[in-house]
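Here the structure is laid out as structure tokens; the discussion comes afterwards.
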Amino acid sequence: MTFVTKLSFQSGDRAVLDDVVSDLKAMIERKGAECKGPHSEPPERIRVPQYRDLGVGDEFSSWDYTVYARKLEIHGADHIAREVGHMEFPASVHVEIEVEQKKPLGHRQN
């Protein structure tokens, strides 16, 4: 059975995000693993209201920011995926890791 490790990255700083993802992809490929991506998602524009106090009423202008996202997939190479899972990433980059088990075609479901 093969494992697919799906990595999702989000950040408000596109330059840092792109550096992290490109460095990670280069490291994965240098170690001989199959890596798909990075896949970019459209930037998401977030608007957050800011209030002067805890009561409803007076507001400051809204805080607007953009969130950028990238996705990578590592196929097989469990030892490399495990290494990536233990890496330190910049505080400005949010990382989610999902591991999916792929069964070969024709494999019986028990």
Side-chain angles (χ1 to χ4, degrees):
M1 284 181 245
T2 304
F3 289 93
V4 176
T5 306
K6 298 178 179 181
L7 304 164
S8 300
F9 302 89
Q10 292 180 325
S11 180
D13 187 342
R14 186 167 61 186
V16 170
L17 179 66
D18 288 340
D19 286 346
V20 166
V21 171
S22 63
D23 290 349
L24 185 60
K25 181 177 172 80
M27 186 268 301
I28 292 168
E29 290 176 340
R30 192 171 51 250
K31 292 188 176 216
E34 181 184 352
C35 182
K36 293 188 179 180
H39 305 290
S40 299
E41 295 181 1
E44 185 179 354
R45 191 88 177 132
I46 308 286
R47 174 176 230 135
V48 180
Q50 299 183 85
Y51 299 98
R52 292 184 187 272
D53 55 32
L54 296 177
V56 179
D58 273 347
E59 279 188 36
F60 291 111
S61 60
S62 294
W63 178 40
D64 297 327
Y65 63 99
T66 304
V67 176
Y68 303 94
R70 305 287 184 270
K71 293 186 181 222
L72 281 177
E73 290 183 1
I74 303 171
H75 291 261
D78 304 338
H79 62 288
I80 295 172
R82 192 173 306 113
E83 184 180 329
V84 170
H86 291 291
M87 290 176 68
E88 292 288 326
F89 294 99
S92 63
V93 177
H94 174 77
V95 181
E96 291 182 12
I97 301 173
E98 177 184 342
V99 179
E100 186 176 298
Q101 186 176 3
K102 295 283 188 179
K103 295 183 179 175
L105 289 174
H107 186 270
R108 290 192 322 197
Q109 300 283 335
N110 289 339

Measure the spacing between CG of Leu7 and CD1 of Ile74 and express it to the nearest 0.5 Å.
5.0 Å
For Asp58, check side-chain contact (heavy atoms from CB on, under 4.5 Å) against everything at least two apart and list the hits.
Arg52
Straight-line distance of Arg30 CZ to Asp23 CG, nearest 0.5 Å:
9.0 Å
Would the distance check show the side chain of Ser62 and the main-chain N or O of Asp64 forming a donor-acceptor pair, the cut-off being under 3.5 Å?
no
Please give me the minimum heavy-atom distance between Ser61 and Gln50, naming the atom from each residue.
O-NE2, 3.1 Å
Would you say that His94 contacts Val67 through its side chain, given a criterion of any heavy-atom pair below 4.5 Å between the two side chains?
no
Listed partners of His86 passing side-chain contact (heavy atoms from CB on, under 4.5 Å), at least two apart
Arg82
With the 4.5 Å side-chain cut-off for hydrophobic clustering, are Leu24 and Ile97 part of the same group?
yes
Taking ring-ring contact (aromatic ring centres under 6.0 Å, His included) as the cut-off, I'd like each qualifying pair that reaches into residues 58-77, sequence neighbours left out, listed once.
Trp63-Tyr65
Between CD of Glu29 and SG of Cys35, what distance do you get to the nearest 0.5 Å?
5.5 Å
Contacts of Asp18 meeting salt bridge (charged side-chain N to carboxylate O under 4.0 Å, His left out) (sequence neighbours excluded), chain-then-number -> Arg70
Those residues at least two apart in sequence (or on a different chain) that pass salt bridge (charged side-chain N to carboxylate O under 4.0 Å, His left out) with Glu83 are Lys31
Side chains of Val84 and Thr5: does their closest heavy-atom pair fall under 4.5 Å?
no
Minimum heavy-atom distance Ala33-Ile80, with the two atoms named:
CB-CD1, 3.6 Å
So which atom in Gly37 and which in Leu72 form the shortest heavy-atom distance, rounded to 0.1 Å?
C-CD2, 3.6 Å
Identify whether Val21 and Val4 are in the same connected component of the hydrophobic contact network (ILVMFWY, side-chain heavy atoms under 4.5 Å).
no
Residue set satisfying salt bridge (charged side-chain N to carboxylate O under 4.0 Å, His left out) with Glu98, at least two apart, ordered chain then number -> none
same_hphob_cluster(Ile46, Val16) at 4.5 Å side-chain heavy-atom cutoff
no
Return the CD to CD distance between Glu34 and Glu73, rounded to the nearest 0.5 Å.
9.5 Å
Starting at NZ of Lys71, measure out to CZ of Phe9 and round the result to the nearest 0.5 Å.
11.0 Å
